[in-house]
Participant: 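Please see the structure below; I have some questions.
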Amino acid sequence: MSALVIRNRLFSRRLPRRVLVVNLALFAALVLVLSSGLFGGTYGIGFGDVVASLTGQADEVTWMVVTQNRLPRLLTALGVGIAFGLAGEMVQTLLRNPLASPDVIGFSAGAGLGAVITVAATGTTAFVLSGALMGGAVTALFLLALTWRRDLSPGMLVLMGIGLGVTLGVVTDLLMTRLDANNVGELVKWIVGSLSARSWSDVGLIWVGLAVIAPICVWHQFALARVSLPDEVARGLGLGLLKARLVTLILAVVLVGLAVAAAGPLPFVAFVAGPIAHGLSGVPRPTLFPAAMVGGLVTLLADRAAQALPGFLVLPAGIFTALIGAPVQIWVLIHQTKRRLQ
Amino acid sequence: MIARLLLFTACLCAPALTLAEPRVLEHRFGQTRIDGAPKRIVSLSFIGHDFLLGLGEVPIALRYWYGDGPFGVWPWAAALLGEAEPAVIYGAIDVEAIALLEPDLILAQWSGITETEYRLLSHIAPTVPPPAGETDYSATWQQMTRQVGRALGKEAAAANQIAELEARIAALRADNPQWQDRTAVSVWPDRIGAYTTFDLRGQFLETLGFLNAPEVEALNTGGTYNIRISQEDLSPIDTDLLLWLTTSDPTGALARISLRETTRAYREGREVIVDPVLTAALSHSSPLALSYALERLVPMIKAALDGDPGTAITYDEAGQ
Amino acid sequence: MTGRMAAVLFAGAVVVAALSLFFGVRSTPFDVVLQALVAFDPANPDHVVVRELRLARAGAALLGGASLGLAGALMQGLTRNPLADPGILGINGGAAFGVVLGIWGLGLTAPGALVAPALAGAALAAVLVLLLGGSIGRNGPDPVRLVLAGAALSALFLALTWALLIASRQALDVYRYWVLGGFNQVDPASLVSVLPAYALGFVAAAGAAILLNPLAIGDDTARALGARVGLARLIGLIAVVVLCATTVSLAGPIAFIGLVVPHMVRPFAGADIRRLVLGSAAVGAALAVVADLVGRFILPGQELEAGAMMALIGGPALILIVRRGRAVRL
């Protein structure tokens, strides 16, 4: 069979074989990386240990390592990666430009700044989600206002977003230098992004959010695919451009806000997930499912890399998402150019 | 100096022979209960090993702060390491690696530990974060010594240590009434960063009877540990006694402070350029470190305050 | 952008720089400032502040701003990409990484000594970004790809820099302030020690501008007419790397001047790269000096670093420029 066709009351969709293979491969890769995160590791954990921990028969330390350290961290990383991947893919599709990912055009920076402000102002992390959501929303609104009713190419929006993002980053840096130098350790997480010492509340935050938002994204992807057509064509087809664009942006802001509140503004995940997924599966965008899985893979791999450092050395995951994401993106770039030239 | 160290540790043997009954420590994140006498101790506090060694315990793992000493331990405490080779922790806290060590006590009073990390570590062994009401690095050396003593079941020994050191400082104060209400400050020359009384180093100067530079305190609106002083106006640090802290040869950094030679402190020889080892002792601020620091620093302070510019203390890398 | 306009702008920049001598944390009355310049008394702290600290600071702002403006204009000319800015393309990031490596690995602290590792880092970044971005080679530059490559390299260098910083608490403390980028910690000795590097950079920039000018009509045509394409690009690259690295080692990474300034100048310079470069130097100097001066007032009782100031100005400025459609379409 060269393609899988799903047709039912709600929608009809044609999935070429390559897409299926890619999705399966990505899923398998995810399972593999998750397992390697759960088993083995510095404190050797075997399958029996995991079962014992879950059934309440393990000793206290093993139980702690499995259920309080590894599981929350892995689940948070997976959820955050999925959220970033989805947000990135949607915005890049909407703006028809791989540069225009929410972390490049300033959403992550805005969410991070919002988070830092709430933590610094209230002295507690209880309101971080609201802060991150507000920060991301304000940034998006600002960009929206700037491009309202103007004939601007996506490239221009990207330029403005980059400017905004850098400015927000500097404001965050400024805030950090004015703050108590010794609580900086906590706050660095919201500047670079970190996956260590996650708790079940972080897991709950991201997965409850995903449970609500992801179905909406899936439902919305068809509208998004049509909106990414050139404006004249879409208008000619009588589609609600404005509403579709707004919904996409709102979804992206909420996803980024959730992810940043749970793990900080991990760089590069949103930027890379879409192009990699698209490069692999080759179908017209949006390719939500592969992008979500690639996002999850990138964060999980970054987390594994962070944990695999020798001895007692521990570095935050944000460093590794950049170290992984950047070269991969460069590789995809080179590969795509080669293909185009053939 | 070795004699002093031996005297210290000799005092501890007797009290340690009494059995330690279960005890409860109150701290920033709640309570920790400790039974028996811990022997496998992991020190996550950047200066915790100093306190442990001072009370006669060698940790099985310690947190590296800075410096070239063996296992990150500085000279005033290195002798007490003996043949031990503790594991050294660099960077952030790795819960699983600590679990592998199978400790029975984890000290983290000056470590930046978060509440989540504390809860995770508590499942491995009794964990001691900063005392209640303190921030990550604001606990005093007396508080920390008392907590460590309590955690080890050596409260009497710890109390003795504190009393002895405080008595020594009180004696110094009494011998030097001319220090009272003179201003003093300790500063890093690279960024011209002056310590406030929120920090160990500012507190130390005040226990000796000095006033930590009032203008620096006035600039401290946010409760920070270190205030950056502008190149254009050095008056906040132009005090009766000015300590330049160093980690390496500061000549270049000091030369870059254009206004230094116009300050009264410079002209009247009131500066003390504190060599790296002594700077580290002031920064570690444990009973062992302070004992060492007092011995070396007091003559320097006297020379700086004697009103004779010719006796300014200059940089001496070797530093005894 | 005629020579006359550029001269006027330079003069304006110098005037603002002169003005900046009067303001700062230490209040200095008018007559004291004049005395400091004319009848210098080394024992008078006010005089020392004016003549050494503020003069060095103003000089650094002029040179730094000019060099960044120049580098941006050259970069945009070399790559024919209106988004090219040493910051966005990762060159500042590479220089910063070099600096942190120098502090952490070699224990260097003097700005003069940090120029060398900054140069190495910037050179590496420049070569990488041009290779990866496809600007070297016959296919011609692709703006999207170049900026993507630059963003990737920036992130990579930032990650490596952070890895070094986290391993060393001391370096982190220094970096937190240094990364904001500012001229207020520049002392006279440091400034003097980097003057040769600046001289080299400016000369190379001038040479590159002259050689690059004919290329505006397209590489092949230019080559057919005898222009030395490879040489022009090489000299241009050297100029960009030297100028950026020197400024980064002196004052930290300062974003946006290289991006915004050429766009401000382009409407007046047209297609003539020599005019663009000259104008960018002048406007860059003026912008840096103004940012440095305004930064002294904007927060009560504190100074705002020039780098932070530039980002706060530059971000909105960029947005305005793009909105007005003055930026070349992508």
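Bear in mind that the values here come from a model prediction, so they are computed numbers and not experimental data. Lettering follows sequence order; numbering is per chain, from 1.
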Participant: Rounded to the nearest 0.5 Å, how far does OG1 of Thr262(B) lie from CG of Asp41(C)?
Facilitator: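 Rounded to the nearest 0.5 Å, the CG-OG1 separation comes out at 10.5 Å.
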Participant: Return the option, out of Leu259(B), Leu234(B), Ile192(B), with the maximum number of heavy-atom pairs under 4.5 Å with chain C.
Facilitator: Leu259(B)
Participant: From Glu52(C) CD over to Arg256(B) CZ, what is the distance, rounded to the nearest 0.5 angstrom?
Facilitator: 14.0 Å
Participant: Name the option with the most non-hydrogen atom pairs under 4.5 Å to chain C; the candidates are Ala255(B), Ser230(B), Ser235(B).
Facilitator: Ser230(B)
Participant: May I ask you to check whether over 12 heavy atoms, not counting those of Asp68(B), lie within 6.0 Å of atom CG?
Facilitator: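 Atom CG in Asp68(B) is not crowded, with 12 or fewer foreign heavy atoms closer than 6.0 Å.
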Participant: So, for Ser258(B) and Leu53(C), which heavy atoms are closest and what is the spacing to 0.1 Å?
Facilitator: OG-CD2, 3.6 Å
Participant: Rounded to the nearest 0.5 Å, what separates atom CZ in Arg57(C) from atom CD in Gln231(B)?
Facilitator: 10.0 Å
